[in-house]
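One structure is given below, encoded as structure tokens.
Values reported hereafter were calculated over all heavy atoms of this structure, with side chains retained and with hydrogens, waters and symmetry mates removed. When a ligand or atom number is given, it counts from 1 through the structure's own listing order. Quantities reported herein were computed from a predicted structural model and do not represent experimental measurements.
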Amino acid sequence: MANGGPVEHGYPHLETVRAAITALYRRLTYDTVRTFSTSVAPADVAFCDTDDLHLGAQRVARELVRHYRLPDARMIVGFREMTHAANVELAAGPEYFIELNDRFRTHRRDIGAALAHEVTHVYLHRLDLSFAGTRENEILTDTAATYLGAGWLLLDAYREDAVSSQKLGYLTPEEFGYVLAKRALFFHEDPSVWFTSPQAYTAYAEGMARARRDEREPPLTAVGWAGRRRYARDRRRARDTPGTAPEAEVPYAFTPGARGPLRVSFPCPACRQRIRVPVRGRVRVRCALCRTVWECDT
Ligand SMILES: [Zn+2]
Ligand SMILES: [Zn+2]
């Protein structure tokens with residue numbers, strides 16, 4: 001896990017983040033994702049500076065292993081001087097060696113966040129789920145951690161004041177907020193009450209606004225007036241001149257119906273899997289991957 005540097009903001013990794021959510025659903029299926037309806041509880045990973053360093057780190061690691069239901073996995077946590085924040089050796093197991101940066105000896109409250117990322121690496125390794133490229137894989141790891149209920153700790157480790165800033169993980173604070181919001185909307189959970197960092201709370205609110213925007217894109221009925229007009233225009237063009245792409249960059253696409261009816265495809269707002277339906281007015285559509293039902297006006 002990376003360490004230091006200026007804090008990047010916005011959504012530079014959004015496409016990879018979204019692809020990671022879809023990949024997670026494809027690999028785990030709806031039924032397994034559902035078993036992660038409860039997040040890691042703040043009390044279970046709390047770590048104060050009077051706790052024994054090694055015993056405390058082992059306890060928090062065990063809690064994360066329990067969260068991911070890795071019964072036979074044993075995390076051996078050590079500390080050393082290193083440039084990265086943390087690292088895990090992905091071997092065959094059942095023992096996994098996690099190294100944490102020495103600075104966590106005096107920043108114990110963030111040990112849970114660092115371990116959340118590293119234990120998620122082990123979980124994905126055992127699932128044999130990875131993205132090509134180190135950076136993409138780290139984004140997958142942070143996204144999986146956050147979507148499955150452990151990564152809110154990473155966002156909460158983001159703190160800024162007049163003289164210093166700290167952030168863990170590869171997503172920007174807003175991207176963490178976005179994934180956490182996706183999780184909150186899917187599981188009807190409110191993680192905002194757990195934040196100890198005001199900056200984390202702000203990033204979550206921003207990410208939630210972005211996540212809600214996904215639910216207001218055409219052909220969803222929740223779309224605003226301008227989006228609906230644009231959609232109607234694009235649909236007319238698709239009918240009149242099959243094969244022409246919409247003018248602007250839009251999330252939906254029409255499949256020219258040579259003989260059959262015109263069809264529209266769009267990303268599921270929850271899991272980003274593409275949904276395809278015939279164009280025929282108001283329909284309720286259930287996403288085959290995450291099973292969310294959407295009201296659409298095609
Ligand atoms: Zn990592
Ligand atoms: Zn879906």
### Message
Strictly under 2.8 Å, how many protein N, O or S atoms lie near the Zn ion (ligand 2)? Waters don't count.
### Response
4

### Message
Between the side chains of D240 and R235, is the shortest nitrogen-to-carboxylate-oxygen separation below 4.0 Å, so that they form an ion pair?
### Response
no

### Task
May I ask you to say whether E174 pairs ionically with R210, meaning some side-chain N is under 4.0 Å from a carboxylate O?
no

### Query
Could D51 and R59 be called an ion pair, given the rule that one side-chain N must be under 4.0 Å from one carboxylate O?
yes

#### Entry: Side-chain donor-acceptor contact under 3.5 Å, H125 with H121
no

### Message
Under 2.8 Å from the Zn ion (ligand 1), can any N, O or S atom of E118 be found?
### Response
no

### Query
Going by the ring-ring contact (aromatic ring centres under 6.0 Å, His included) test, which pairs reach into residues 218-238, not counting sequence neighbours?
Y231-Y252, Y231-F254

### Vertex the Zn ion (ligand 1), rays to NE2 in H117 and OE1 in E138 - rounded to 10°
90°

### Query
Below 4.0 angstrom, N of the basic side chain to O of the carboxylate: do R18 and D214 qualify?
yes

### Task
Please determine if D31 and R34 form a salt bridge, counting it only when a charged side-chain N lies under 4.0 Å from a carboxylate O.
no

